[in-house]
Each structure stands twice: as C-alpha cells, then as structure tokens.
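Values reported hereafter were calculated over all heavy atoms of this structure, with side chains retained and with hydrogens, waters and symmetry mates removed. Chain letters run A, B, ... following the sequence lines, proteins first, then strands; residues in each count from 1.
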Number of protein chains: 2
Amino acid sequence: MQTFAKNAPMPVVRRLPKYHKYLKELLEEGVTKISSKNLSVRMGSTASQIRQDLNYFGGFGQQGYGYNVSELIVAIEEILSIHEVYRCIIIGAGNLGKAIRNYIMNLDGNAKVLAMFDVDASKTQEKDGEIPVYHTDQLKEYMRKREVDVAILCVPKSSGPQAAQAVIDGGIHAIWNFTTADLSVPEGIVVENVAINESFYVLTYLLSEKQQNQT
Amino acid sequence: MQTFAKNAPMPVVRRLPKYHKYLKELLEEGVTKISSKNLSVRMGSTASQIRQDLNYFGGFGQQGYGYNVSELIVAIEEILSIHEVYRCIIIGAGNLGKAIRNYIMNLDGNAKVLAMFDVDASKTQEKDGEIPVYHTDQLKEYMRKREVDVAILCVPKSSGPQAAQAVIDGGIHAIWNFTTADLSVPEGIVVENVAINESFYVLTYLLSEKQQNQT
DNA sequence: TAGATTGTTAATCGATTAACAATC
DNA sequence: TAGATTGTTAATCGATTAACAATC
C-alpha cells in the first residue's frame, strides 16, 4: 500500500484543492495533458511551485511531456482522501446549518450528512429534505449507536465550546468549526476552522487600505 | 491624520482579528493590562510575534508595563477599520445568503445589509426579516441609485463569475466571495474568498493522515 | 535524435523567533 | 532605583523561486 510523505507543509496541503479544481476544469475542456508551466499561467502561480508541491507526494509527471490531467486528478483525490465517504452530523439547524447541509449534498458525494441537531425543539418538527433533525438531547444516544466521522458546528458563538465537548465525548474524529470559538480539543482530533468573521475584518482592512492609497 | 505602515504582510493582517477577539475576551474578564508574554500563552503563539505584528502599525505598548487592553482594542479596530459601517448587498437569497445575512446582523454593526438579490422570483415575495429581497434584474438599477461598498456572493458555483461581473459593472468596491469560483476582477477591487470546499478537503486530508499514523 | 519538461538540488526571499538595549 | 517589558535589530527557520541535470 502506498504511503504518502508524511507531514507535507500545510501551505502545500491547502493548495492541493485548488490544483484539483483547475484540473477538473481542464478535464471538462477536454485537455488531456498539461505542463506545470501552462497550469501555472492559468492559476497565477509558478511552475516551480506546482512541481515542488506535487513532489511532496510523488512524481506524477513525465519528463518532456507534462502531467496527464486525469491521472493527476486521481492522484490528488487520493492524497486528499476525496474518494472516501465521510459521515457527518451538523450541530445547529439554523440557516448556516442548512446552508452547509445543502452545500455538502451538492459536493460530489464524498460527505454524507446523517443528521442535524438543534436545541430549538420546533426545528426538529420539520423533516428537512431527507435529513432528520433531532433535539440536541439525543446527540449522546445517537453517537453511541452510529459511527460518525465529522461534526460540523453551526451553532452560535456562545454554544461553540459546549457543542464541541458534546461531540468529543461522543467520540468524534474531526470537527469542521464554523463558529467563532477557538476550540481546544484533545490530541488526535482534527479541527478545521472556517473563521468567517476574521475573513470579513480582513476585507474591511483591505478596503480601508485601498481608500487610503487613493487619497 | 495617522497613516498606517502600508503593505503589512498578509499573514500579519490575518492575525489581527484574532488579537482583537482575545483582547475583547480579556476586557470582558475585567483585565485592564496584558503583556505580550501572557497574551501569547493564552493564544498559543509567541510573545515575539505579537510585538512584531503590532509594531507594523505602531507602538501601542509601554515598556515595563505591557499593553492597555482597551486601548489596544481601539487601535486594532482602527487598523481593521472595524468602526466604519460598510453597506453590503447579498447576491443569492438561499440558505447561505440568509445565514450570512443573520451573521452580519449579529456582527457588532460595522456592516449593514441593505438588500438581497435572487433570480428566483418566489424568494422576492417573502419580506425576509427587515431586509428586502429583489429580483436580480433590479440589481443594476439598484446600484445606480444607492452607494454599495461590499457585494457578498452567495450564489451557486456556476453563477459566480456572472454575479461578480454584475456588481463590478455596478461599481462595487469589494467582493466577499462565498462561491467556489475564482474571480478575476479589475485592479483596485478587493476580493476576499471564503473557500469552504477547500477547507473541507483539508479536513479530509488531515483525517486520512491521522488514520495512517494510527495504523 | 532534439526538444520539452520533469524531479530535485541550490539560491533567494520572507516570515518567525531570539536577543537585547531602551525605557517606563 | 530595580524589575519588567517593550520596540527593534539580528539570527534562524521555512517556504518559494531559480536552475539544471535527468530523461521521456
């Protein structure tokens, strides 16, 4: 079984999904091979970085030829583990929770939302699409019965840490955190933060910087 | 008028909101002063980095004492331009659009959602909270009449570039992009991407890496 | 074979950390 | 004053870019 070079730098890992995306576009356009140079032009990066990045994981190209688009897609999907199906639950069935649920259901199917949980009992009434919404009280029991890989936190800021603790107690493997809370989790649990608020402040910073430059 | 050091490195800028957040927490706890050392312990960073970061923008501390919490908060809010009110429109009134609308309305009021737009005429019927939802056809006219700072793109992938073009034509200053599309915009327009899909692939990568390490 | 382009090593650049003189 | 802690310069570390031999 193939083992990937462990501990590739995170900046490299975070670029892989972008490579994947551009390669899929190329595939749709019917392009079968691409050189690091041409890909770099399309992506606005450097050929050197692309080659360097890919070689953390293996030699996927061929000298004098370039990269076979569909093969490289498969390779990246394997690295990112896109082919596996991850069982998810969403904590918080408000607009954000629903948005993420829809989003995931449109993802190529490598994530499956098993259930949603909410403290608001009224939300548990509506059978939301196909996905059942349970009261948070039932979370513990639910996680005892079913294997869950990823908990997606879509609760308000104040409930963040408490929701995290609940899924950790339930034996979760990974948390996709959409709250503004900084979660402290035990060793071995994967946390990926989507810090929407921070993103907005960066935007306002850039806006004000731009306005200053114009004056 | 004070001018900030231009072109602070983006890694530094992206850390500022986190400083802000932790300082606000300290303020709530009644802490009035903090040293870079103590703050670094709380945040899991280094004292050196904190001092280095802040000094891109000015000397906000005092030797032998540390930083005055509330003064530093004000300083960071000024740097990030958090005190200003930004007029936003949301393109796409689905769950994600609504989630972002709610989110912004809970933000300390430095952003104001003026209106939402959607191609689905049925969505324009519901008067959503206080925020009106218009048909996308009316966007051009709307932007002629009102000054808008930020367009928030919450449309499906395929409509991304087209929605971006519409707000660019309308004279937008900044785009907060929640679509997976890579937008190419003219010089001078600020774009901040929230790449949710990339974030999920990073999570699955980390999960699979973890599983391999356990074997 | 000649041309193209990779994989990989070496050079550069930028960001983080360490150290310490300045000073409250 | 003595102790603490900043602001800032210097040292280190890591990531990106450049270069080129290997090879398809």
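- For NZ of A/K33, the number of neighbouring non-hydrogen atoms (other residues, nucleotides, ligands) closer than 6.0 Å is greater than 12.
- Taking the centre of each ring, B/Y103 and A/F200 stay at or above the 6.0 Å mark.
- Side chains of B/M43 and A/D182 form no contact here, defined as non-hydrogen atoms less than 4.5 Å apart.
- Enclosure of atom CD in A/E28 is not indicated, since only 12 or fewer non-hydrogen atoms of other residues, nucleotides or ligands lie within 6.0 angstrom.
- Under the 30°/60° scheme for interplanar angles, the aromatic rings of A/H20 and B/Y201 are found to stand perpendicular.
- In DNA chain D, stems built from 3 or more consecutive Watson-Crick or G-U wobble pairs, each with both distances under 3.5 Å, span C:3-24 with D:3-24.
- Closest non-hydrogen pair, A/M116 versus A/K98, comes out as CE-N, 3.9 Å.
- Taking for each of A/Q62 and A/Q49 the nucleotide of DNA chain D with the nearest heavy atom, the 5'-most of the two is the partner of A/Q49.
- Along DNA chain C, the nucleotide closest to A/Q52 and the one closest to A/G64 are compared, and the more 5′ of them pairs with A/G64.
- Applying the 6.0 Å contact sphere to CD of A/E25 captures more than 12 heavy atoms from other residues, nucleotides or ligands.
- Between A/Y56 and A/L16 the shortest side-chain heavy-atom distance does not fall below 4.5 Å.
- Using a 4.0 Å heavy-atom criterion, one finds that A/S48 contacts the bases of the nucleic acid, with or without backbone contacts as well.
- Boundaries of the chain B contact region on DNA chain D are D/dA4 to D/dA10, first to last in 5' to 3' order (nucleotide atom under 4.0 Å from a heavy atom).
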